[in-house]
Peer 1: 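One structure, pasted below without further comment.
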Amino acid sequence: MAIKHFLQLADFTLDEFNYVMERARIIKRKFKEYQIYHPLLDRTLVMVFEKNSTRTRLSFEAGMHQLGGAAIYLNTRDSQLGRGEPVEDAGQVMSRMCDIIMIRTFGQDIIERFAAHSRVPVINGLTNEHHPCQVFADVFTYIEHRGSIAGKKVAWVGDANNMLYSWLQAAQIFDFHLNISTPKGYEVDLSRVPKEQTNYTLFDNPSDACEGVSLVNTDVWTSMGYEAENQARLKAFDGWIVDQAKMSRALPDALFMHCLPAHRGEEVSAEVIDGPQSVVWDEAENRLHIQKALLEYLV
Ligand code: CP
């Protein structure tokens, strides 16, 4: 039987997402009521981090523990990873010693090659191309607050990064429209968008992209791995801050999301991220609940 991986949102059907979200609601309720729930007793998650993390590590490690299992953290500094061992060999070896693997790495090709040689499910904890766990938690958070996202308009304000490409896949799966505004030089690579996908609009002006939307999304301007370009980015992104003026172009009940960490005064004003339309803390917490349901489903 083929092993089910979660390397990008397109790996799951809408039915699978709906199932996992229903499980996440149940698992979240149990967590809030301090109920012991150990479906993954004696199971082991291996977490491989080639890039740093706060939320992803914490949510997977705490989540696996809460489900009764154990989580093992590996990084490239304290292991043989990154010292020339072929990724295919790592996939073979690691998957013989655990029940599920989460990887945060640079290239999507790396995680795909690893998964092709793994005997257990592999979850993408962020690559340069996709961040499926985050966007899945974001969609779940939107639905918690406002009901179905189908038919809604969502704005992306920022560069075309891994989050945006996952939002593009989410638009296809959950049937909403994405307004995308990217600064010059940081536009969407249309070769990465399926030709048949039409439910998005490209904007030069970030305020216009926010017009009439139900959700405004942004992300840090200096993503991991691009720190050297920081000054050039700050210049190019001038005017792209999500502030109250942009939020006021959205629908009155629009939400604001940011996957965090955030830089107040750069990509978002303090007034917006700390204001009544912001759901960033729920969004961060829901990484835990969605990923617990994902672990349960895949294991
Ligand atoms: N949003 C997110 O993935 O956060 P971390 O980089 O802290 O894991």
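For ligands, and for the atoms within them, numbers begin at 1 and follow the listed sequence. Hydrogens, waters and symmetry mates are skipped; everything else that's a heavy atom, side chains included, is used.
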Peer 1: Below 30° counts as parallel, above 60° as perpendicular, anything between as tilted: where do the rings of Phe237 and Trp221 land?
Peer 2: tilted
Peer 1: Please identify which atoms of ligand 1 are closer than 4.0 Å to at least one heavy atom of His131.
Peer 2: 2 (C), 3 (O)
Peer 1: State which residue, out of Leu126, Ile111, Asn128, fulfils the side chain to side chain contact (heavy atoms under 4.5 Å, CB included) condition with Phe106.
Peer 2: Asn128
Peer 1: Any atoms of ligand 1 less than 4.0 Å from a non-hydrogen atom of Arg104? List them with their elements.
Peer 2: 3 (O), 5 (P), 6 (O), 8 (O)
Peer 1: Is Ser53 close to ligand 1, meaning an N/O of one under 3.5 Å from an N/O of the other?
Peer 2: yes
Peer 1: Can you classify the ring geometry of Phe17 versus Phe6 as parallel (below 30°), tilted (30 to 60°) or perpendicular (above 60°)?
Peer 2: perpendicular
Peer 1: Give the numbers and elements of all ligand 1 atoms closer than 4.0 Å to a heavy atom of Arg287.
Peer 2: 1 (N), 2 (C), 3 (O)
Peer 1: Could an N or O of ligand 1 be found under 3.5 Å from any N or O of Pro261, whether backbone or side chain?
Peer 2: no
Peer 1: Does only the side chain of Arg57 get under 4.0 Å from ligand 1, or the backbone, or both, or neither? Count heavy atoms.
Peer 2: neither
Peer 1: Applying side chain to side chain contact (heavy atoms under 4.5 Å, CB included) to Lys292 and Leu288, what does each step give before you reach the verdict?
Peer 2: CA-CA 6 Å; Lys292 284 168 75 178; Leu288 174 71; 3.9 Å; yes
Peer 1: Checking contacts here: is it the side chain or the backbone of Leu126 that comes within 4.0 Å of ligand 1, counting heavy atoms only? Could be both or neither.
Peer 2: neither
Peer 1: At a 4.0 Å threshold, what atoms of ligand 1 neighbour a non-hydrogen atom of Leu260?
Peer 2: 1 (N), 2 (C), 4 (O)
Peer 1: Going by distance only, is there an N or O of Cys259 that falls short of 3.5 Å from an N or O of ligand 1?
Peer 2: yes
